[in-house]
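Below, read A as the first sequence line, B as the second, and so on, with proteins coming before strands; counting in each chain starts at 1.
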2 protein chains.
Amino acid sequence: MRRAGLQTITDFLPTQSGEGLSPGTYSTPKDRAVDQVDTGYLQSLLGYNARRAALSIIENFVAGMAEFELRPVDFSVLSVIHHNPGITSRQLCATLSIQPPNLVGMVHRMQQRKLISRLPHPHDGRAMGLHLTPEGLSMAQRAEQKAFKLEEKSAERLNPAERSQLIQLLQKIYL
Amino acid sequence: MRRAGLQTITDFLPTQSGEGLSPGTYSTPKDRAVDQVDTGYLQSLLGYNARRAALSIIENFVAGMAEFELRPVDFSVLSVIHHNPGITSRQLCATLSIQPPNLVGMVHRMQQRKLISRLPHPHDGRAMGLHLTPEGLSMAQRAEQKAFKLEEKSAERLNPAERSQLIQLLQKIYL
DNA sequence: TATTGTTATACTCTATAACTATA
DNA sequence: TATAGTTATAGAGTATAACAATA
């Protein structure tokens, strides 16, 4: 299964922070072994750190949400419907940057699990409104509670002020 | 191609920050349309923000590195070899959390592009040391310079102190 | 017996094209 | 003509199993 693969890095990257390391030239002795790998340069890159931290949190999240059989994306879908009853597939896709064809299966499976129901849209005959069933609501509430505990675990080395500042800084990047 | 897909969310998630929103119960009128999607809950989750920020940076990075034909992972491989000449495939895999079979092709392609060379390991006949060619060194230097510019762009709304604090906080999550 | 590098391969995720029904 | 939802499908990423060569 690929979900465990979220711990893999494969995507990461960028560039130097304010006082970062110099990209300078390195002498390359071709006959010496590397005993300790120097990751200092990558660790000076914001993108590398963001990716690594995100993967760490996701890994923890995946493990903790296994009991509900919810992948991160499933949790998000459930949660967005929870807080936006009647939302359409299209709105959900726009909100979570999911391609419409890729949402179809997720919604279908959640419907089979009796977590969500699709009702006619009040004034658009093409669309369907997504709602939680009582079971879905119960699971959303329990999953959100669990998510809170998992977040506490991931951020255990941050105090409340740091945690909220971290979120603020992250939002300055992408919002 | 999938690289563009990095803007897709699919993975995100977690839980509530210190003073986050209440997961509480919501009334669900089944006959009303959603006009404005409320993303407040997800935005209170550290993991969601980390994932979104990482994707934003990656998207910017992918676009900016296109001129070098380097994906983020290629950049990281090149950069780690740059700063650790003679590193083995195995060490590289451990450093970047790449599965060994998935590194083979990357190394092979970079070798074909004359960016890296593989030399016998000084005291382990099974292993090969990875080194940059002169062309590889030149590209690593230029790419790292470009990465710095791209990072400045991604973090343009952060001052130097905020940028370095963001990195510190991220490292408290995963290190 | 364990490890390095490798091949082959399966599975998951993501994107695009094209269709239908309705607006 | 444009949009919501859908089907089919291609492509990229990631994982595991198994092997030869060397430690």
List the protein contact pattern of nucleotides 3-9 of chain D with one symbol per nucleotide (5' to 3'): B for base contact, S for sugar-phosphate-only contact, - for none; contact means a heavy-atom distance under 4.0 Å.
-> BBBBBB-
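- At whole-Å resolution of the value, CD in E59(A) and C1' in dA15(D) are 14 Å apart.
- What separates CG of L130(B) from P of dT4(C) is a distance of 13 Å, to the nearest Å.
- What separates CD of Q99(A) from P of dG11(D) is a distance of 17 Å, to the nearest Å.
- Atom NE2 of H108(B) and atom C1' of dT4(C) are 18 Å apart (whole Å).
- Under the rule for a salt bridge (Lys or Arg N to Asp or Glu O under 4.0 Å), the partners of E156(B) that lie at least two apart in sequence or sit in another chain are K153(B).
- Listed by chain and residue number, nothing satisfies the salt bridge (Lys or Arg N to Asp or Glu O under 4.0 Å) test with E69(A) (two or more places apart in sequence, or in another chain).
- The nearest whole Å value for the distance from the CG atom in L119(B) to the C1' atom in dG5(C) is 16 Å.
- dC13(C) atom P lies 15 Å from atom CG of L55(B), rounded to whole Å.
- The ring pair (Phe, Tyr, Trp, His ring centres under 6.0 Å) contacts involving residues 90-114 of chain A comprise nothing, where partners must be two or more places apart or lie in separate chains.
- For E135(B), the side-chain contact (heavy atoms from CB on, under 4.5 Å) partners are T133(B), not counting sequence neighbours.
- A donor-acceptor pair under 3.5 Å links the side-chain atoms of T88(B) to the main chain of Q91(B), judged by distance alone.
- Atom CZ in R51(B) sits about 12 Å away from atom P in dC13(C), given to the nearest Å.
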Validation: residues 117-124 of chain A side-chain donor-acceptor distances under 3.5 Å, sequence neighbours left out:
residue	atom	partner	partner atom	Å
H121(A)	ND1	H123(A)	N	3.1
H121(A)	ND1	D124(A)	N	3.2
D124(A)	OD1	R126(A)	N	3.0
D124(A)	OD1	R126(A)	NE	3.1
D124(A)	OD2	R126(A)	NH2	3.1

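- Between D74(B) atom CG and dG13(D) atom C1' there is a gap of 13 Å when expressed in whole angstrom units.
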